Amino acid sequence: MNRYDPLKIEQKWQAKWEADKAFKATEIDNKPKMFLAEMFPYPSGAGLHVGHVRNFTIVDILTRFYAQQGLNVLRPFGYDTFGLPAENYAIKTGTAPQAVTKTNTDNFRKQAKRLGYYIDWSREINTSDPEYYKWTQWCFLQLYKKGLAYQKESYQWWCPVDQTVLANEQVENGKCWRCGHEVEKKKMKQWFFCITEYADELLDNIDSLEWPERIKTMQKNWIGRSVGAEIDFKVKNGRKITVFTTRPDTIKGATFMVVAPEYSGLDALLTDDTRDAVLKYKQTALKKSEIERQENKDKTGVFTGSYAINPATKTEIPIWVADYVLASYGTGAIMAVPAMDDRDREFAERFNLPIVETELVDRDLYGTPKTTYRMRDWLISRQRYWGCPIPIAYDKAGNPHPIPEDQLPVTLPEIKDYQPDQSGRSALAKATDWLKVKLFNEDTGEMEEMTRETDTLDGYACSSWYLWRYASPHDRQAAWDPEAIKYWEPLDYYIGGDHAVAHLLYVRFWCKFFADEGYLPFREPVKRLLYNGYINAPDGKKMSKSKGNVIDPLDVINDGYGADTLRTYEMFIGPYEMDAVWDPRSVGGVYRFLNRCWTLCNDFCESKTNSNVSSRSSAARQRESKRAVPVATGDGDAGREENSTIRHQTIKKVTTDIHKYQFNTAVAALMEYVNELYKSGATQDDLITLAKLLKPFAPHLASEMLEHLDANDAWPTWDNQYLTSDTVTVVVQVNGKLRATLTVDAAALDDEQKIIDLALAEPKIQKYTTSGIKKTIFIKKAKLLNLVV
RNA sequence: GGGCGAAUGGCGGAAUUGGUAGACGCGUUGGACUCAAAAUCCAAUGGUAGCAAUACCAUGAGGGUUCGAUUCCCUCUUCGCCCACCA
């Protein structure tokens, strides 16, 4: 007898898949397509972790499920390789990020193959490959041409450790998302993408997406649309202050105004008496870290010395400066209505400002309707080396000029010292030869030596279009091929457990932009999004190197469990969208299940061979009769009809569960099936069905079984006629409590009176019905009778 | 402070257009096989009482609707996530 040897089986099939290029998608086909992808990983030096395996396995199950159903499936793979970890490693060790990236992607590829994933390896992409980032730069230039990539000088989040600015989305609780250090505000000229241009559409389309509600809500919160009005307040010195408010109807209660410390018109409001105090306040406010602002919400502020006229009441109201008003939201100035707004009231009470009850006026009486958003434009400059160079150069006057498209890519120069220079610029500033570029200056009409931009693009820019690159990953003529796009896109399934807001918002933004430019025939890039939960360590805590509680998936495989057990276990661990805790002992349970599948198949094949040999020794026969696993053979076998029911039940359960992404209960159904086959004996049909249903989860073992059984992997279908049985169990309740069950012919369900009579004939029921029956309730669908006494 | 979600045996989790609560797995206990162990196989396994049939209790707590509630409604507790001085 052959033991289940996962390592041997998996090696065999992985070699075969590799040699056959088994998972290559058909380019463009008449067949219906199915395009699936995980959120491509950042290939760290540590290799795949169990979270990757959970994510990739969900994609793999759906991919294989649809492949077995005969669809033309595309499941490519890629690496998000630009970013700080590789660069910081380069600074520390002097190893080029290019080399580190090569090592890490090679390792990721090897490990993904070791897990048996259905990946079209001919479509691998890598964001730091010049062939790829050439087109990232092309995308930038399209946005630039339309004025949606622009430069602006303003206060930005700056991480002093990583020496770079950060997008709003990359500041978490006042700290850098990468290194965790507190961020500061720094006034800098930076590049932005004008995502706010699409704010309304990004918000309005959310409801139409087949995405988890949680993610949709997070995106809505992030965009944060407020509908209100802008109102001009005349200042006594002849200027005006425009405020944004969602409650223009409360204007009569506006008893003072407040501007942010960074408010651009602040200086003009100051008087000689107030100037020193206000400037001192401004300085303190700018130095305050985000953390400090969050911890101390006591209102602070100072009077500017100026007054404005409330256009509704015509009264003079004082203008204050306070840091509870944000420069970056609305106009950076507010009308304060302490009678209506808690923050204004708190401020008024703190500084003894008047609070007057207000009667409401018509919303449009004093202002013009205006909508603002919480979302800001996307800051894309990074003062780092290991990123996609921004294809811009500056002339002598400092004006930016785009690098012509035919000169792309602007490749990263190879350098020796990756440390950013101390002036707040990336290490690229030190690549003196690379910095110089001769370009035609359209302003002067002459060729001119210009200086390249030394900022690189936020990594999120590189991942904002890779889903379209997958359609034609090696296209040298264009970022993506319109014909391939038309066939494959949009993405049918996108699966991940991170990037709920930033990445998923950016991809949607670029999609709408390129749709407007005529490059994409759709406005939403991702039809269905699945968001899987984390896997925590056996101690219930988050896995981390420092805590020493990391489970390495490759260790699990190499300990002898194999990839099939690892994959199936991670699906069985719980609902895919919930966080889960790794339980080493439960891994063994899944291994036992696969072992039982193997044993059933192996015993069946052996007994089939043996039954053709008439000269079996009686000892061999005796040995066999002691074996606990019965094997049903031949069409006339008694177990056959019985198995048809559970076989078809299992097909239905597994198929519908996969459609509902309930992978854990699909595995449970397969376990039940195997348990039943152990009891009643397995026919060839049973085993083929089992292998086919098992294949998305444990593809190596299932392939081996199908080979032994001489069968293909076409997804089985169920026949409803096998799902009904001749007899049914009817539940009999008294006052809603289970008191007895009846076994009756299925036909009897149509005869309510007969069921009642049968129930009343039961001694167990009679015990409870001596006082007479008030009412009977029979639910045919639930096969349930309730007697009310 | 606002929003969303969750709470079921010793553990992970099943089951909801309201209809047999605890599928499946882990763990535990007993047994078979073995010189022995591992592996494998079989059986039992929510709690309390009982030899048993069985009875009562039980889905975070308390109310409500209903013939019937893990499922629907109200109040509360705890935990998780998101947003948070956004005018």
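In this text the structure is predicted, and so the values were computed from the model without any measurement.
- Taking atom OH on A:Y4 and atom P on B:A38, their separation rounds to 22 Å, with Å as the unit.
- Heavy atoms of A:N595 sit under 4.0 angstrom from primed sugar atoms or phosphate atoms, though from no base atom.
- Using a 4.0 Å heavy-atom criterion, one finds that A:Q662 contacts the sugar-phosphate atoms exclusively.
- Remark: the separation of the P atoms in B:G64 and B:U71 is 14 Å, to the nearest Å.
- Looking at heavy-atom distances under 4.0 Å, A:R376 makes contact with a base.
- Aromatic ring orientation, A:Y4 versus A:W598: tilted (interplanar angle from 30° to 60°).
- Both A:G574 and A:N735 lie close to RNA chain B; mapped to their nearest nucleotides by heavy-atom distance, the more 5′-ward contact belongs to A:G574.
- Contact between the side-chain N/O atoms of A:R592 and the OP1/OP2 oxygens of B:C26 is found at a separation under 4.0 Å.
- Using modelled atom types and a 3.5 Å distance limit, the side chains of A:R596 and A:N675 yield a donor-acceptor pair.
- A:F663 and A:Y661 have tilted rings, their planes meeting at an angle from 30° to 60° on a 0 to 90° scale.
- At B:C57, one or more side-chain N or O atoms of A:K737 fall inside 4.0 Å of OP1 or OP2 (strictly under the cut-off).
- Counting heavy-atom neighbours within 6.0 Å of A:K652 NZ, excluding the residue itself, gives a total of 12 or less.
- By the 6.0 Å and 45° rule, A:R214 does not stack over the aromatic ring of A:Y531.
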5'-to-3' dot-bracket of RNA chain B (Watson-Crick, G-U; under 3.5 angstrom; crossing pairs as [ ]; | other strand): (((((((..(((......[....)))((((((.......))))))((((....))))..(((((..]....))))))))))))....

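- For A:S226, a side-chain nitrogen or oxygen approaches OP1 or OP2 of B:A87 to under 4.0 Å.
- In the set B:C57, B:U54, B:A87, B:A87 carries the atom at the smallest distance from any side-chain atom of A:L326.
- To the nearest whole angstrom, the two P atoms, one in B:A43 and one in B:C26, are 14 Å apart.
- For the pair A:K542 and A:Y534, the cation-pi test (distance below 6.0 Å, angle within 45°) is passed.
- Aromatic ring orientation, A:Y324 versus A:F347: tilted (interplanar angle from 30° to 60°).
- At a threshold of 4.0 angstrom between heavy atoms, the contacts of A:L787 with the nucleic acid are absent.
- The closest side-chain donor-acceptor pair between A:Y329 and A:S226 falls under 3.5 angstrom.
- Atom name C1', nucleotides B:C85 and B:G80: the rounded distance is 25 Å, in whole Å.
- Listed in residue order, the members of residues 213-224 of chain A having a heavy atom less than 4.0 Å from RNA chain B are A:M218, A:N221.
- Among the protein residues, A:Y531 comes within range of no part of the nucleic acid, since none of its heavy atoms lies under 4.0 Å from any strand.
- The backbone N or O of A:L760 sits less than 3.5 Å from a side-chain atom of A:Q766, completing a donor-acceptor pair.
- Between B:G13 and A:Y576, no contact under 4.0 Å exists linking OP1 or OP2 to a side-chain N or O.
- Side-chain proximity of A:R739 to B:C41, B:C85, B:A55: nearest is B:A55.
- For NZ of A:K282, the number of neighbouring non-hydrogen atoms (other residues, nucleotides, ligands) closer than 6.0 Å is greater than 12.
- Taking the six-membered ring for Trp and thresholds of 30 and 60 degrees, A:Y561 and A:Y591 have ring planes more than 60 degrees apart, a perpendicular arrangement.
- In terms of polar N and O atoms assigned as donor or acceptor, the side chain of A:K774 never comes within less than 3.5 Å of the base of B:C67 in a complementary pairing.
- Between A:R374 and A:K775, the one whose closest nucleotide on RNA chain B sits nearer the 5' end is A:K775.
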Test side-chain hydrogen bond (donor to acceptor under 3.5 Å, both in side chains) on A:D200 and A:Y373; report intermediate values, then the result. CA-CA 9 Å; A:D200 276 322; A:Y373 305 88; 2.6 Å; yes

Nucleotide by nucleotide, nucleotides 17-24 of chain B touches protein heavy atoms under 4.0 Å in the pattern (B base, S sugar-phosphate only, - none) B-BB--BB

